[in-house]
Amino acid sequence: MSREELVAMTRSLVEHGAADTMEYADEIVRVPAASYTDPELYEREKRNIFRRLPLMVAPSCELPEPGDYKAMDICGVPLLLTRQRDGSVAAFLNMCTHRGNPVVSGTGNATRFMCGYHGWTFKNDGDLVGVASPKDFGAVDKAALCLKRFPSFESAGLIWATLDLDSKLPIENYLSGYDALLDAFGFKDWTLFSQRTLDGPNWKTAYDGYLDFYHLPVLHKETFGADFFNRANYFFWGPHQRLSSPSKFVQKTGSDEQLDLTQMSDEDLPPDALTQGVWTIFPHISIASFYGGGQRGAMISQLFPGETVGTSTTTQYYVMENQPETDEQVKSAHEQFDFLEVVVRDEDYATGKRQHEALQSGMMKEVLFGKNERGGQVFHQWVDKLTNASDEELLEIFSAEQKQAAE
Ligand code: FES
Ligand SMILES: [Fe+2]
């Protein structure tokens with residue numbers, strides 16, 4: 001089913017490429033400049049988007065083995081992910097139920113966590129198993145003092161969690177069928193090669209850059225080249241979107257050869273042709289395929305708002321189909337990853353920071369998204385809609401999206 005959908009998208013891209021056309025949005029859209037700089041709106045976005053919607057918190061290959069864990073802080077919420085004995089993932093509020101100290105930090109492998117403050121101990125399934133000096137402390141109902149669990153979901157080799165202990169939003173509904181398409185990458189069998197974290201500008205300023213190809217041959221002329229394509233067609237599943245250039249060619253994996261897709265049957269379309277372009281997961285993920293180190297690879301960029309309205313942090317996960325084996329391959333995978341860091345840090349985010357500072361002057365009232373920048377238009381519409389939706393409306397919005405996806 002999802003392969004059919006991938007093939008249909010590829011055929012549409014090929015047709016547009018052969019005809020030298022692209023799909024346009026209906027009109028040019030104006031977005032208030034203050035939506036990037038208003039600190040109050042920024043706080044509402046953190047609360048209503050990041051602390052209320054499912055977030056892709058880790059690729060599955062970051063926690064491959066039972067006992068693997070990762071602690072992280074997202075918009076002030078301490079989160080602990082653990083891989084259980086049965087292979088499933090659990091997401092907890094990383095706060096000791098005694099007095100709130102995080103029970104662990106960083107990453108590692110453990111079956112138990114002992115809180116570093118007074119020594120209460122929790123299993124990695126959240127159960128409280130030991131109260132230090134229990135007689136002195138007094139009797140407590142241990143079952144009522146387990147780590148608090150967030151809703152979580154694992155699909156397509158990616159892990160989602162919702163940082164709202166009372167959330168009633170099914171994560172499957174939120175994904176609106178998109179995870180079945182993401183499954184085509186095969187991430188559940190891939191491995192994590194390397195990761196790093198970068199500072200960026202306002203989260204929406206940063207994210208805009210993942211949603212258009214318009215800037216590629218200009219901003220990235222030194223790295224990607226000045227004759228790089230600048231057109232994208234967009235495909236949507238709820239608020240999640242893929243952008244891909246209309247073209248009848250795709251580069252053959254591991255070579256410079258261009259495959260002419262008009263000459264290939266649907267069955268022969270390679271995975272690279274089916275998954276090319278940038279796949280975003282609302283509100284903060286971008287996935288793009290690359291080749292380096294003798295393997296198919298992808299960079300998964302995970303963006304979070306920072307301390308202030310003008311800051312964000314991005315973790316880049318470089319995942320690969322297999323770990324590179326020879327020294328040469330390892331070197332070439334590192335080179336590929338380093339290249340992508342330079343592109344994002346020195347070109348996209350350096351520009352985003354300058355753009356944000358200029359917008360902070362308040363001298364400009366609106367910014368523009370052209371008919372060729374439909375991705376940015378749709379992204380900002382979803383941010384508005386979801387920031388302003390009540391909890392009940394949120395459930396309705398995504399139950400309708402899920403229904404539509406199932407049709
Ligand atoms: S806060 Fe964890 S044992 Fe006291
Ligand atoms: Fe860019």
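Order of listing sets the numbers, starting from 1, for every ligand and every atom in it.
Among the atoms of Glu347, no N, O or S atom falls under 2.8 Å of the Fe ion (ligand 2).
Looking only at its N/O/S atoms, Asp348 has OD1 as the one nearest to the Fe ion (ligand 2). Within His215, the N/O/S atom positioned nearest the Fe ion (ligand 2) carries the name NE2.
For the 3.5 Å distance criterion, the side chains of Asp208 and His380 qualify, holding a donor opposite an acceptor. Between the side chains of Asn124 and Thr82, not a single donor N or O lies within less than 3.5 Å of an accepting N or O. Under 3.5 Å, the side chains of Thr197 and Thr315 contain a donor-acceptor pair of N or O atoms.
Between Glu154 atom CD and Ser60 atom OG the span is 3.5 Å, to the nearest 0.5 Å. The distance from atom SG of Cys61 to atom CG of Leu192, rounded to the nearest 0.5 Å, is 5.0 Å.
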Go through it in stages, so that I can follow the logic: the residues are Tyr317 and Gln302, the test is side-chain hydrogen bond (donor to acceptor under 3.5 Å, both in side chains), and I'd like the CA-CA distance, side-chain angles, deciding distance and then a yes or no. CA-CA 8 Å; Tyr317 302 90; Gln302 178 192 53; 2.8 Å; yes
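Atom numbering of ligand 1 starts at 1 in the shown order; those under 4.0 Å from a heavy atom of Trp120 are 3 (S). Contact atoms of ligand 1 toward Gly119: 3 (S) (distance under 4.0 Å to a heavy atom of the residue).
With atom 4 (Fe) of ligand 1 as the vertex, atom ND1 of His118 and atom ND1 of His98 span an angle of 90° (nearest 10 degrees). An angle of 110° is found at atom 2 (Fe) of ligand 1 between Cys115 atom SG and Cys96 atom SG, rounded to 10°.
In terms of protein heavy-atom proximity, atom 1 (S) of ligand 1 is nearest to Arg99 N, 3.4 Å.
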